[in-house]
Amino acid sequence: MKTKVIKVDYLARVEGEGALYVKIKGDQVMDVRLKIFEPPRFFEAFLRGRNFAEAPDITARICGICPIAYQMSAVHAMEDAFGIKVEGPIRALRRLIYCGEWIESHALHVYLLHAPDFLGYEDAIQMARDHPDIVQRGLQLKKVGNEIVRLLGGREIHPINVRVGGFYRVPTKRELIPLMEQLHWAREAALETVRWAAALPFPEFERDYEFVALRHPTEYPFNEGRLVSNKGLDIAVSEYDDHFVEEHVSYSNALHSTIKNRGPYFVGPLARYNLNFDRLSPLVRELACDVGLHPPCTNPFKSIIVRSLEILYACDEALRLIAEYEMPDKPAVEIQPRAATGYGCTEAPRGILYHRYRLGDDGTILDAKIVPPTSQNQKMIESDLWHFLPSRLDMPHDQLVWHCEQAVRNYDPCISCATHFIKLHIERE
Amino acid sequence: MVRKRRPKLAVWKFASCDGCQLTLLDCEDELLRLAGQVQISYFPEASRAIVRGPYDLSLVEGSITTPHDAERIHQVRRASKVLITIGACATAGGIQALRNFKDVREFLSIVYATPEYIQTLNKSTPIADHVFVDFELRGCPINKHQLIEVISAFLHGRKPNTPPHSVCMECKRRDIVCVMVAHGTPCLGPVTHAGCGAICPAYHRGCYGCFGPKETPNTNSLSARWSHLGVKEQDIVRAFRSFNAYAEPFRKEGEAHDRA
Ligand code: SF4
Ligand code: SF4
């Protein structure tokens, strides 16, 4: 029987360094390995002995694409440990800065990383030769997201203004107003993005996934909520470690995460959308149904439409937050460190990001655990390929390779995130 | 001078967070124009296309932390006419250089269930420890405007204009009130390389040194000032041990207080 091997030595248009290896014998898939060879960076190890206040700045450096996600999970975990709840305008500003990151990261993925796959270009720059207006629209959308992050955070990558308890400096209402004009443009651009994305050619592929996302009583989730799934999971964030396990496999520098006794699960925009459709604004829901995306959507390739819908949601939410904003008296609430364990989980653009810290009484970090979205999706990515390949084995080799890459990019995997490493306990046979 | 062909640009990654190379994609207004002036020949974060080397300009992000990368950087150097390192990881070993102060085997077993699967070096080192580097751009992350300046300086065959003075100078220039003098907030600005535009003081916090040491920094005198403000020895050590912990002046100052 003929053996074919699909090898992608360096996965392009993802964050960080990964490779793909697929072995096929006749019409059977024999092996699928998403290899992550990004070198480990040991964040959990050197967080030990640092002060709690340093966690937002340090963990941001795990990933340059979603630093806000790291900062938000870290501050919420610390506040959980110290028994503090941040409300009012500071809470609103945290939602606002997260809107900025979603817009920026989703626009990057939709236009620069994922769209070229659907249209047959190797990158967005080649795509721009034939579709300059579309690429420009993507870049300008991304810029609006970045403007929000820069204004609230000081700069786009690794913002300096986020701290446990709030911010170092909060903006005046007047500073925020100019963003509104840009956001009005952006929401129009996002509307066009949704229609444009929905018209892309999608491979036929549906699966029965277990989706996991945060769920908040009233809002589309960013920073808070319970962890829920479409297969019965409904837990507080502090119960995460009782339900999820990480496993270290020989060929990857990133741990594989699964739900105990159940297996792989799916986090990210598609999971959020399917589990929180009723928390979207009426306009976004209407548009979604208009373009034929009534939930549940179980085709991972269509995550590009969901990302576009989330850009639109984030624009509207940002506009609402700015309109309602009133500058608080103080940029942050007082912190009183104490010995405790704190848990935080927020919705990074690519899915849930879990942090847990054990702290000493002076606020020194004794132990840290961080589970980024890509670790959680890794096994599902491999599992998608197992299912995706068999019916497509007669495709020309190059095309098949490209399709496999595209299936990986559905998840917007961030490999730098996945390899910072997690403290884990596993049973070995 | 008329160029016959567009110079080839390559972007390489070693141990890093991808933030510095993302800065290139964050140049939303300049990206397409830039792509018209250079041929983006190797940039996996943005493209699956690969044009063969040699490359006229290589931007290198990240530090060397594995035996394989210690080899790979030599190949990158051989394939590059000009090699510029971008960011604190590439110029000082980055945050991952915190391992350099510890026993990495202990780290491995904290982090991995099966450490034997992992190949890693004891130290995280900057690119210039391994190969000749034509120019180093500081920052964690680098500044967008400085990146554009460095690339266009290269395209025009001139020296990049990235002054080596301290963050303090940027505060003075922007008329930002000194957070240390006015509020007694500990700040690393006096010893930190300019380039960020003094963002932290502008947001009412002290600089934490993400651009690394300036030229000839008097770290000793700054530490004395911090002690005067009531900062404890161990807190001074941690202040110097962050994103540029392995840059020599910061490393030495950290060690001086670690001993105390
Ligand atoms: S220097 Fe900072 S921003 Fe740049 S790659 Fe390293 S960690 Fe990321
Ligand atoms: S003020 Fe210091 S820590 Fe803040 S961004 Fe500038 S160099 Fe980095």
Side-chain angles (χ1 to χ4, degrees), chain A residues 10-17 38-46 48 50-51 54 57-58 61-65 67 108 112-113 122-126 128 132 135-136 139-140 142-143 146 154-158 160-161 163 168-169 248 250 253 331 405 414 416 421-426 428, chain B residues 13-23 25-26 28-29 31-32 35 40 43-50 62 65-66 68-69 94-96 98-99 102 104 106-108 110-114 117-120 124 140-141 143-144 196-197 199-200 202-205 208 210 235 238 242-243:
Chain A
Y10 200 129
L11 274 165
R13 282 190 272 122
V14 300
E15 285 284 287
E17 304 188 278
E38 173 88 24
R41 293 167 74 216
F42 304 112
F43 277 82
E44 277 92 346
F46 58 66
R48 291 183 177 193
R50 306 296 299 209
N51 185 264
E54 298 172 277
D57 294 327
I58 292 180
R61 266 70 181 187
I62 292 173
C63 171
I65 288 218
L108 172 76
L112 301 191
L113 308 185
E122 303 217 85
D123 56 52
I125 287 160
Q126 294 183 27
V135 176
Q136 268 305 343
L139 286 168
Q140 291 311 309
K142 176 165 162 300
K143 192 174 162 193
N146 270 335
R155 64 181 166 204
E156 302 87 331
I157 301 168
H158 307 328
I160 51 86
N161 192 26
R163 70 190 289 184
Y168 289 90
R169 176 185 174 280
H248 188 189
S250 64
N253 284 357
E405 288 179 51
C414 176
S416 318
F421 280 68
I422 295 154
K423 175 176 171 140
L424 77 156
H425 311 273
I426 56 156
R428 277 196 279 163
Chain B
K13 173 188 159 66
F14 291 84
S16 69
C17 82
D18 281 47
C20 287
Q21 52 176 315
L22 176 64
T23 305
L25 300 180
D26 273 354
E28 290 98 0
D29 293 331
L31 185 66
L32 293 181
I40 298 183
F43 187 7
E45 177 166 290
S47 177
R48 67 195 295 280
I50 296 176
T65 62
T66 66
H68 174 246
D69 279 354
I95 184 82
Q96 52 276 10
L98 288 178
R99 78 178 66 184
K102 293 263 162 62
V104 82
E106 192 189 313
F107 267 28
L108 265 174
I110 290 179
V111 173
Y112 289 97
T114 26
Y117 291 166
I118 303 295
Q119 285 229 323
T120 190
S124 165
C140 176
N143 174 293
K144 196 195 290 206
C196 69
I199 316 175
C200 291
Y203 280 75
H204 305 168
R205 83 178 276 197
Y208 58 88
C210 76
D235 295 339
R238 285 206 324 277
S242 66
F243 312 101

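Residue numbers begin at 1 in each chain, while the letters A, B, ... track the order of the sequences. Computed from a predicted model, the values in this text were never measured in an experiment.
Across all non-hydrogen atoms, the minimal contact from Asp123(A) to Ala46(B) is CB-O, 3.2 Å. Closest heavy-atom contact between Ile199(B) and Arg155(A): CD1-CD, 3.8 Å.
Both the backbone and the side chain of Arg50(A) come within less than 4.5 Å of a heavy atom in chain B. With a threshold of 4.5 angstrom between heavy atoms, Ser124(B) does not approach chain A through any atom at all. The contact between Leu31(B) and chain A is made entirely by side chain atoms (from C-beta outward), counting heavy-atom distances below 4.5 Å. Contacts of Leu32(B) with chain A are made by side-chain atoms alone, with heavy-atom separations under 4.5 Å and no backbone atom involved.
Contacts with chain B were tallied for His158(A), Gln140(A), Lys142(A); Lys142(A) has the most, counting heavy-atom pairs under 4.5 Å. Across Cys140(B), Ser242(B), Cys200(B), the residue that shares the most heavy-atom pairs under 4.5 angstrom with chain A is Cys140(B).
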Practice item. Go through the steps to decide whether Phe42(A) and Leu98(B) satisfy the test side chain to side chain contact (heavy atoms under 4.5 Å, CB included), and finish with yes or no. Key: CA-CA 9 Å; Phe42(A) 304 112; Leu98(B) 288 178; over 6 Å; no

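The backbone N or O of Ala15(B) sits less than 3.5 Å from a side-chain atom of Gln96(B), completing a donor-acceptor pair.
A salt bridge links Lys13(B) to Asp18(B): one of the charged nitrogens lies within less than 4.0 Å of a carboxylate oxygen.
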